[in-house]
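Okay, so here's the structure we're looking at.
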Number of protein chains: 2
Amino acid sequence: MPVNSFEQYPMTWKPDKDQLVSPLYRSIASLLEYDILNGYLPPNTKLPPQRELADYLDINLSTITRAFKVCEVKGLIYAVTGRGTFVTPNARNAIFMAESSEELNYIEMGIVKPLDCTNGLVVETIKSIANKNYLEQLLDYRHPLGMPYHKMAARKWMQRFSMDAPVDNIAITSGGQNALTLILIALFHPGDKIAVDMYTYPNFIELANILNIQLIPIAADELGMMPERLDAACNANQLQGIYLVPSCNNPTAITMNMNRRKDIADIIKKYELILIEDDIYSFLAPEGYLPVSHFVPDRFVYVLSIAKSLSSGMRVAFIAYANVFVEKITYGIFNINIKTSGLNAEVIAELINTGVADRIIREKKEMAKVRNELYNKYFEVNNPSENPFSFFRWLPLSHPCTLKEFEQNALTYGIHVYHSDRFLAKKDESAQFIRISLTSTKDVDELDRGLVLLKRLLLNLK
Amino acid sequence: MPVNSFEQYPMTWKPDKDQLVSPLYRSIASLLEYDILNGYLPPNTKLPPQRELADYLDINLSTITRAFKVCEVKGLIYAVTGRGTFVTPNARNAIFMAESSEELNYIEMGIVKPLDCTNGLVVETIKSIANKNYLEQLLDYRHPLGMPYHKMAARKWMQRFSMDAPVDNIAITSGGQNALTLILIALFHPGDKIAVDMYTYPNFIELANILNIQLIPIAADELGMMPERLDAACNANQLQGIYLVPSCNNPTAITMNMNRRKDIADIIKKYELILIEDDIYSFLAPEGYLPVSHFVPDRFVYVLSIAKSLSSGMRVAFIAYANVFVEKITYGIFNINIKTSGLNAEVIAELINTGVADRIIREKKEMAKVRNELYNKYFEVNNPSENPFSFFRWLPLSHPCTLKEFEQNALTYGIHVYHSDRFLAKKDESAQFIRISLTSTKDVDELDRGLVLLKRLLLNLK
DNA sequence: TCATTTGTCCTTATACATTTA
DNA sequence: CTAAATGTATAAGGACAAATG
C-alpha cells in the first residue's frame, strides 16, 4: 500500500492506476508517451521522482526506471541523476539546409555555405566530360572503392595537403558525411566512446547519437584540444577513437599547430585510439602543415571532403586509412554504399588534373580573406591560432543566454546565427559563444549589414 | 555452492571463476568474447546451457542471460529457446563485385549484373543534360531529400509500378544499399529484430549484421513467405520490422501474388511491424500488381532502386514512406548523406520524363525473356510463382554439399554460381539450392555454354 | 562539506514459452 | 502428446553515483 496519501501534494503526472495491465513497465511507458504526444505534458515538464511514482502506484522503483527508459530511448524524456526526469524539448540541433529557402527575411550567418560562386567552373568541367567518349565506362558497376584513375586523382589532391597514402589505402565515398557514417559503422560498435573537441561539428554529434556511439568532450586551450585532458579522459574512460578537425575546427576556427598535433598524436598512440581526421578545411590551412594522421601511420582514417573546397553538390569525398583498416573499410563501403558514382568522381578528378581545382581554392581563399577582414573591422580576433581564412568566426558571449532565446532574438534583429550549445556533445554550463558564418551571404555588402546588426544586438544585450 | 561437481562432465566453455570481477555479467561477456575472437570457441560451438553455467559459477541464471545478451548484440553468439546458445559462424557472404575482373577464366553466373548494354541510352541522356543551361542549379547544396522536380519524377516512376505517394513522402538516396542503410539506422536500433525470407538478399543480411540488427528467417511455400509462419515468429519474438522483395525475391525468383501480399500485410498490421519493401525488380513483375506497401499505408517504407532497371552506375534510388516516418527519415538522410547529387538525380529524372526509361526496361525485359527461355531448355521451372523474367534462377541441389565444396567444384568446371548458404540469415540444415545468374554473361552464347557446363556438373554429382 | 534527493546499475527470483526427445 | 531442457520476460531489492542546497 502507498505510504502517503498523495491527494494534497499534486504530482505533475498522475498515471491512472486502473489502466495498468501487465507488463506494468510497458503500460506505464505508453501512458506517458500518450500524455506527452497529446500535449498533456508540455516540453520541459519535470516528472515526479521515480520513487514517488513507484510509491503512488505501489510497485517497485525499478519498474518505473524501466518504463522511463523506454520513453527515454524514444527521445520523449531525459533524466539527470540528482535533478529529475524531464519532458524533452523537441528541438534537434542538427543543422539542416533549409528545404526551400528562396526568400529569406533574415541575413544568413548561421549555416556555413561554401562560397559556391565558383560552381561555373565545375559546370564547364561537367560539360567537357560529357563530350568524352569513355562515358559509358563511368557507369560501370565495378570498383566499389573507386576507379583506379579516380583514386590516383584523390591521392594527388591529398598530397597537395601533405597527406600521402598508397592508392590501395584510398577510397572514394559519396561525400564527407557518408564517409563519417562509413567509418563509424565499419570501425566502431554501438556503445564505443570517441573523444571530440568540447565544441565540435554538430552533424558528427548527431551521427554518433543515431549510431549509439558516445562522445567524450575534451577541453581546449587557445591551441585546440589539450593533450593532458585527452590523456585524463583516456584514463577515466575506455576510449576507442578520437575525432579531430585540425585545419580549422568547426566552430572554434582554431588551426592546430605542429607541436600540438604531435602531442595529440602521442596520446593517440599511447592509448591506441583510432584517429578520425576530418580535413575538410585543409585548403585553408598554412601550406606544408602535416596532418595529425602523418604522426600515427598505423591508426588513422583521413577524410578529405571536397564539399567546402571544390563543390558541395557533387557529393564526393576521399578517404585514406592505415593498413589495418583496409579490410573493414572495404567491407563497410560495400555494405553501406556499394559504390560511389563514377561520373561524379570523374568530374572531381578532372578538376584536380586540369588545375581548375587549384584555381577554385585560390579564389575561395581570396574571398574568405576579404570577408574576414571585414569581420575584423567590427570584432577582434584575439587568438592567433584562429584561422584567418576561416569560413566562420567564434565570438564569446559575455552575457549568458539560452540557445533559443539568443537565436530567436537574433532573428528579430534580422540575422541568423548559431549559439554554442549546438556544438556541445554533452550539454553543460560551458562558456557561451556564437558562431558567425562569413560565407553565406550573397555578397560582402550583405555581410556588412549583417555584422552591423550583430554588433547592435550584442551591445543591447549588455 | 554448486550443486554438482562438473569435473567429469566437460562443458564446451568453462570460464575461469577467479577472473570474475564485478560487474559479473560484463566480466563473463568479455571472457566469452575473448575466447570467441581468439578461436578457442570455434563457430557453431554449442555453449553450455545458461542454467548450467550459472550453477557452475554459483550465480543467478539471469546474470548469465544478461552476459549472453551483451555478446548476442555484438553478433558473437545467437540463441534459440529450447535448443541452446551457439557461436555465430563468422563467414561473410556479401557478394562483392570483383575489384578488377577484366580477364575471367570462368563464365559468370554468380553475380547478377544488370544487362547494362542499355547504358548507351543513359550516356546520351547525360550528354543532353550537359548542354542545358540550368546545370549550376543542380550543384545546389539545398534540398537534402531531393529537388522537387526530381521527386516528381520519382513519383511518376513509382506510379508506373502502382505505388503512389505524395512528394512529401518521397526522398532520393544514393542507391538502394544506401537507402537500406538509411532505413535501418533511422528507424531501427541495435538489437531490433526484422523478419526476412528464409533465403534472402545477402547484402541485406550483411548490412543487418554490421548494424547489429537481428534477422529472423521465415519459411516460404511456393507463393513466398508464409503468413502463418510470420505470425508465429511475431508471437515468439518481439519483431520490429519485416524486409520483403515481393516482385522477384532474390534468390528464389518468387513473385508474390496479390492474395499473399494481402495476407502478409494483415500480419504486419496485427503486430505493427515496419515494412521495408525492396521493389528493385518491380519492372519484372506483372503490370498492375500492387505493392505490399499499398495495404499497410501507415507502416511502410518502399525502396525503388534503379540499379537493375535503368542504370547501376548512377547510384540513385527513390524511397517512399508512411507519414509517421517522415521526420525520422529526413533526419536520417541529413545525418548519413546530407544529400544525393542533383546531377545524378537529374539524369534519371530525364530518362523517366523522356520515355527513355520505358524503352530501357522494355529492352531489358526482352533480353531477360530470351535468356530465361534458354534456361528452360536445360532445366525445368516447376513453380508457376517464379518470375519468368527473373535475372536469376533457383535450382534445388539433390545432393547436399557445403558451400565451399560446391562453388569450388563449379569453378573447376569453368562456371561461377552461388550456393544457397550465402542467402541464409541464420545458417542451418535448410534444403540446398544454387542461384544461377542469367544476366551476367556478355551474350546468350556464353550463357548457353555456361548452362551446358552446369548441367554436366550436376549430372556428375549424382 | 555533508546530507538529501534522485536516477542508474547489478543481481536475484519467478513465471513463461519454445524446442526437442 | 507429454515431459524435460532451455532461453526469455517481468519485477523486485539493494548498492551506487551524481546533483543539489
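Quick note on labels: first sequence line is chain A, next is B, and so on, each numbered from 1. Here the structure is a predicted model, which is why all the values come from computation and not from measurement.
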TODO: Compute both the distance and the angle, then confirm whether B:K17 meets the cation-pi test with B:Y56: under 6.0 Å from the six-membered ring centre, within 45 degrees of the axis.
DONE: yes
Open item on the list: Without decimals, in angstroms, what is the distance between A:F68 CZ and C:dC9 C1'?
Closed with: 17 Å
Open item on the list: Does C:dA13 have its OP1 or OP2 closer than 4.0 Å to a side-chain nitrogen or oxygen of B:N60?
Closed with: yes
Task: Pair B:N60-B:T63, side-chain donor/acceptor within less than 3.5 Å - done: no
Open item on the list: On the nucleotide D:dA11, are OP1 or OP2 found under 4.0 Å from the side-chain N or O atoms that A:S62 carries?
Closed with: no
Task: Contact under 4.0 Å: B:T63 side-chain N or O vs C:dT12 OP1/OP2 - done: yes
Task: Value in whole Å for how far the P atom of D:dT8 lies from CD of B:E72 - done: 6 Å
Task: Distance flag, aromatic centroids of B:Y199 and B:W394, threshold under 6.0 Å - done: yes
Open item on the list: Run the side-chain contact (heavy atoms from CB on, under 4.5 Å) test against A:R26 and tell me which residues pass, sequence neighbours left out.
Closed with: A:P23, B:Q238
- [ ] Return the nearest nucleotide to the side chain of B:K69; candidates are C:dC9, D:dT8, C:dC10.
- [x] D:dT8
TODO: In whole angstrom, give the distance that lies between atom CD1 of A:I77 and atom P of C:dT6.
DONE: 15 Å
Task: Nearest-angstrom distance from the residue atom CG of B:L53 to P of D:dT6 - done: 11 Å
Open item on the list: Can you see whether A:T65 engages A:Q50 through a side-chain donor-acceptor pair at a distance of less than 3.5 angstrom?
Closed with: yes
- [ ] Answer yes or no: does a side-chain N or O of A:Q50 lie under 4.0 Å from OP1 or OP2 of C:dT8?
- [x] yes
Task: Separation of atom CZ in B:R66 from atom C1' in D:dA9, rounded to whole Å - done: 14 Å
Task: Under 3.5 Å side-chain donor-acceptor pair for B:Y201 and B:N249 - done: no
Open item on the list: Distance check needed: C:dT11 P versus B:R26 CZ, whole Å only.
Closed with: 10 Å
- [ ] Mind calculating the distance between CG (A:L24) and P (C:dT14) to the nearest angstrom?
- [x] 18 Å
Which atom pairs link the protein and nucleotides 16-18 of chain C when you take only N or O atoms and keep those under 3.5 Å?
none

- [ ] Figure out the CD/C1' separation between A:E52 and C:dT4, and round it to whole Å.
- [x] 14 Å
Open item on the list: Checking side-chain polar atoms at under 3.5 Å, does A:Y271 have a donor or acceptor matched by the opposite partner on A:D231?
Closed with: yes
